[in-house]
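Notes follow once the structure below has been shown.
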Amino acid sequence: MEPLVSIIIPIYNVEKYLRECLDSVVNQTLKEIEIILIDDGSTDSCGKICDEYALKDKRIKVVHKKNAGLGAAFNSGLDIAKGEYCTIVESDDYIKLDMCEKLYTLAHNYDCQVVKSDFIGFEDGEKQRVFKNLPVCYDQNLYNEKTNAHLNPSIIANSWNMNQSSLYKMDFIKKYNIRANETKGASYQDTGLWFQILSLASSVYFYQEGFYFYRQDNENSSIKNKNKVYCVCDEFEFLDKFLDKNLEIKRRLQDVFYYFKFKVYLWNLGRIDDKYKLDFLYKFSQDFLSIYDKLNKKYFTYGELSELWCIVKNPEKSYNNSFFHKIAKKIVRFKYKIYKKIGN
């Protein structure tokens, strides 16, 4: 009997967190699952831990491969997945024991190609673990409605472009040969994968409950990694090629794609280390200079257009004015309002 859900777990040097992740997966209340562990060339004990768990649970498949990055690892899992649906769990995170069962039930009840739910962010404090709700939709009206990017293009820019806490129909993934960008490292391949999925899916359902525990205190975070300052740019180069191959989607979603690109660049600007911000602002300016006149202004607020114009015309002045700090504060305030609405 084929599994109902394939759980793909890319793994690289996370021995400190891996057992908690695997325990949450093997103990899912939905038993008809397969668990695909992609050991992406780990140099610590992750490979041994994977083999140990596989000996205890016949549903586990382990692939040991040369390190090639998160995108390539996820694609390797897709190549061998046999489930009706698939999901991805990152190996320093963990999930509620009923995640697969509840998301699978939703997918069947609403006959959806994509089901996505909220996140639960967490950090390990000195005395106890600290949690906070993280909504996947920035627009509350998107929840609990079957939709798609044809009916509502704004779902692309108004949903969090992380691929965890989701189920994807495998025949949909295979039909369109959806693949993650295979850049080196764990370098924000969520961006390219999520845009492809939303632009192609005919049925998407956002569910307002958190099942996925998203770690926010991993000391190996890429925030301060100089080599990953421009990784989001790589994702949009990847998506430019995707759109050039899918001209109907390009015609229909070009405007929201530009706005999505602006939002992701702005997010990246806010999260990278301060010493890299000016360099990234020059890249920001360069990438939007040629498309600024093509932007559909209805997707932007007046303030967003003003800030973008400042970046395009004079990135150094924008940096000196520290406008991005003001924007970051606005984003924090906006998220805080959402958290209050959902009871956090």
Problem - Within the 6.0 Å centroid threshold, strictly below: Phe172 and Tyr168 - result: no
Handout entry: Phe288 ring center within less than 6.0 Å of Trp309 ring center
Key = no
Problem - NZ/NE/NH1/NH2 to OD/OE distance under 4.0 Å, Arg215 and Glu20 - result: yes
Handout entry: Carboxylate-amine/guanidinium contact Lys61 Glu34, below 4.0 Å
Key = yes
Handout entry: Any donor-acceptor pair under 3.5 Å from Lys66 side chain to Gly41 backbone
Key = no
Exercise for the section: Report yes if some heavy atom in the side chain of Ile9 is under 4.5 Å from a heavy atom in the side chain of Ile35; otherwise report no. Expected result: yes
Practice task
Report yes or no: does Ser166 contribute a side-chain atom to a donor-acceptor pair with the main-chain N or O of Lys116 at less than 3.5 Å?
Solution key: no
Handout entry: Proximity of Trp194 and Tyr188 rings by center, below 6.0 Å
Key = no
Exercise for the section: State, to 0.1 Å, how close Ile156 and Ala149 come at their nearest heavy-atom pair, and which atoms those are. Expected result: CD1-CB, 4.3 Å
Exercise for the section: Indicate yes or no: at least one non-hydrogen side-chain atom of Val204 is less than 4.5 angstrom from one of Cys112. Expected result: no
Problem - Any Asp190 side-chain heavy atom under 4.5 Å of Gln164 side chain - result: yes
Exercise for the section: Could you go through the side-chain hydrogen bond (donor to acceptor under 3.5 Å, both in side chains) check for Asp23 and Tyr53 one step at a time? Expected result: CA-CA 9 Å; Asp23 287 342; Tyr53 274 75; 2.8 Å; yes
Handout entry: N/O donor-acceptor pair under 3.5 Å between Asp44 side chain and Val14 backbone
Key = yes
Practice task
Flag the pair Glu90 / Leu70 as yes when at least one side-chain heavy-atom distance between them is below 4.5 Å, and no otherwise.
Solution key: yes
Practice task
For residues Leu30 and Leu4, determine if any side-chain heavy atom of one lies less than 4.5 Å from a side-chain heavy atom of the other.
Solution key: yes
Exercise for the section: Would you check if the distance from the ring center of Phe257 to the ring center of Phe236 is below 6.0 Å? Expected result: yes
Exercise for the section: Using distance alone, with no hydrogens and no angle criterion, decide if Asn158 and Asp139 have a side-chain donor and acceptor under 3.5 Å apart. Expected result: no
Practice task
Kindly determine whether Lys56 and Val26 satisfy side-chain contact (heavy atoms from CB on, under 4.5 Å), including the steps that lead there.
Solution key: CA-CA 10 Å; Lys56 298 176 183 178; Val26 299; over 6 Å; no
Problem - Check ion pair Lys263-Glu304 (N to O, under 4.0 angstrom) - result: yes
Practice task
In plain terms, say whether Arg19 and Glu52 are close enough for a salt bridge, that is, a side-chain N and a carboxylate O under 4.0 Å apart.
Solution key: yes
Problem - Member of Phe206, Tyr138, Tyr214 meeting the ring-ring contact (aromatic ring centres under 6.0 Å, His included) criterion with Trp160 - result: Tyr214
Exercise for the section: Verify the neighbour count for atom NZ of Lys297: are there more than 12 heavy atoms of other residues, nucleotides or ligands below 6.0 Å? Expected result: yes
Problem - ring-ring contact (aromatic ring centres under 6.0 Å, His included) evaluation trace for Phe213 with Phe131 - result: CA-CA 9 Å; Phe213 292 95; Phe131 301 91; 5.7 Å; yes
Practice task
Could you tell me whether a side-chain N or O of Gln113 sits under 3.5 Å from a main-chain N or O of Ser202, the two making a donor and an acceptor?
Solution key: yes
Practice task
Write down the atom of Val256, the atom of Ser154, and the distance for their closest heavy-atom approach.
Solution key: CG2-CA, 4.3 Å
Handout entry: Approximate separation, where rounding is to 0.5 Å, of Asp92 CG and Leu18 CG
Key = 10.0 Å
Exercise for the section: Measure across Asn148 and His150 and return the closest heavy-atom pair with its distance rounded to 0.1 Å. Expected result: OD1-N, 2.8 Å
Practice task
Check whether the side chains of Asn144 and Gln208 place a donor and an acceptor atom closer than 3.5 Å, and report yes or no.
Solution key: no
Practice task
Enter the distance from Asn109:CG to Tyr104:OH here, rounded to the nearest 0.5 Å.
Solution key: 10.5 Å
Exercise for the section: Ignoring hydrogens and angles, state whether a donor on the side chain of Gln28 or Asp98 is under 3.5 Å from an acceptor on the partner side chain. Expected result: no
Practice task
Answer with yes or no whether the side chains of Tyr205 and Glu145 bring together a donor and an acceptor at under 3.5 Å.
Solution key: no
Problem - Side chain Asp40, main chain Gly69, donor-acceptor under 3.5 Å - result: yes
Exercise for the section: Give a yes-or-no answer on whether the side chains of Asp39 and Ser42 include a donor-acceptor pair shorter than 3.5 Å. Expected result: yes
Practice task
Any chance you could measure Tyr292, atom OH, to Ile311, atom CD1, to the nearest 0.5 Å?
Solution key: 10.5 Å
Handout entry: Check: Ile38 main-chain N/O paired with Lys65 side-chain donor or acceptor under 3.5 Å
Key = no
Exercise for the section: Measure from the side-chain N and O atoms of Asn268 to the backbone N and O of Val229, and report whether any donor-acceptor pair falls under 3.5 Å. Expected result: yes
Exercise for the section: Report yes or no: does Asn314 contribute a side-chain atom to a donor-acceptor pair with the main-chain N or O of Cys310 at less than 3.5 Å? Expected result: no
Practice task
Check the angle between the aromatic planes of Phe195 and Phe242 and answer parallel, tilted or perpendicular using the 30° and 60° thresholds.
Solution key: perpendicular
Problem - Pair Asp79 + Arg179, salt bridge at N-O below 4.0 Å - result: yes
Problem - Non-hydrogen side-chain atoms of Phe122 and Gln216 separated by less than 4.5 Å - result: no
Problem - Presence of salt bridge, Lys283 and Asp287, under 4.0 angstrom - result: yes
Handout entry: Pair Leu22-Ile49, side-chain contact (heavy atoms from CB on, under 4.5 Å): steps then yes or no
Key = CA-CA 9 Å; Leu22 297 183; Ile49 295 172; 4.1 Å; yes
Exercise for the section: Taking all non-hydrogen atoms of both residues into account, name the closest pair between Ile36 and Gly77 and its distance. Expected result: CD1-O, 3.7 Å
Handout entry: Distance, nearest 0.5 Å, that separates NZ of Lys96 from OG of Ser117
Key = 9.0 Å
Practice task
Would you indicate whether the side-chain heavy atoms of Lys132 and Ile120 approach each other to under 4.5 Å?
Solution key: no
Handout entry: Worked check of side-chain contact (heavy atoms from CB on, under 4.5 Å) between Thr147 and Ile155
Key = CA-CA 9 Å; Thr147 188; Ile155 65 174; 4.3 Å; yes
Practice task
State whether the side chain of Ser6 and the backbone N or O of Gly83 hold a donor-acceptor pair below 3.5 Å, judged by distance alone.
Solution key: yes
Practice task
Report yes if the distance between the aromatic ring centroids of Tyr207 and Tyr143 is under 6.0 Å, otherwise no.
Solution key: no
Problem - Check ion pair Arg59-Glu32 (N to O, under 4.0 angstrom) - result: no
Handout entry: Distance-only side-chain donor-acceptor flag, Thr183 / Asp234, under 3.5 Å
Key = no
Practice task
Check whether any side-chain N or O of Lys146 sits under 3.5 Å from a backbone N or O of Tyr110 as a donor-acceptor pair, and report yes or no.
Solution key: yes
Problem - Pair Phe119 + Phe211: ring centers closer than 6.0 Å - result: no
Practice task
Can you measure from CG (Asp255) to NZ (Lys298) and round to the nearest 0.5 angstrom?
Solution key: 7.0 Å
Practice task
Can you see which heavy atom on Ile272 is nearest to which on Lys277, and at what distance?
Solution key: O-NZ, 3.2 Å
Problem - Atom of Asn13, atom of Thr43 and distance for their closest heavy-atom approach - result: OD1-N, 2.7 Å
Fill in the blank from the handout: dist Glu316:CD -> Leu278:CG (nearest 0.5 Å) comes out at 6.0 Å
Handout entry: Flag side-chain contact, heavy atom, 4.5 Å: Val5 against Leu167
Key = yes
Practice task
Run the ring-centre check on Tyr94 versus Tyr212 and record whether the distance is less than 6.0 Å.
Solution key: no
Handout entry: Other residues, nucleotides, ligands: >12 heavy atoms within 6.0 Å of Lys82 NZ
Key = no
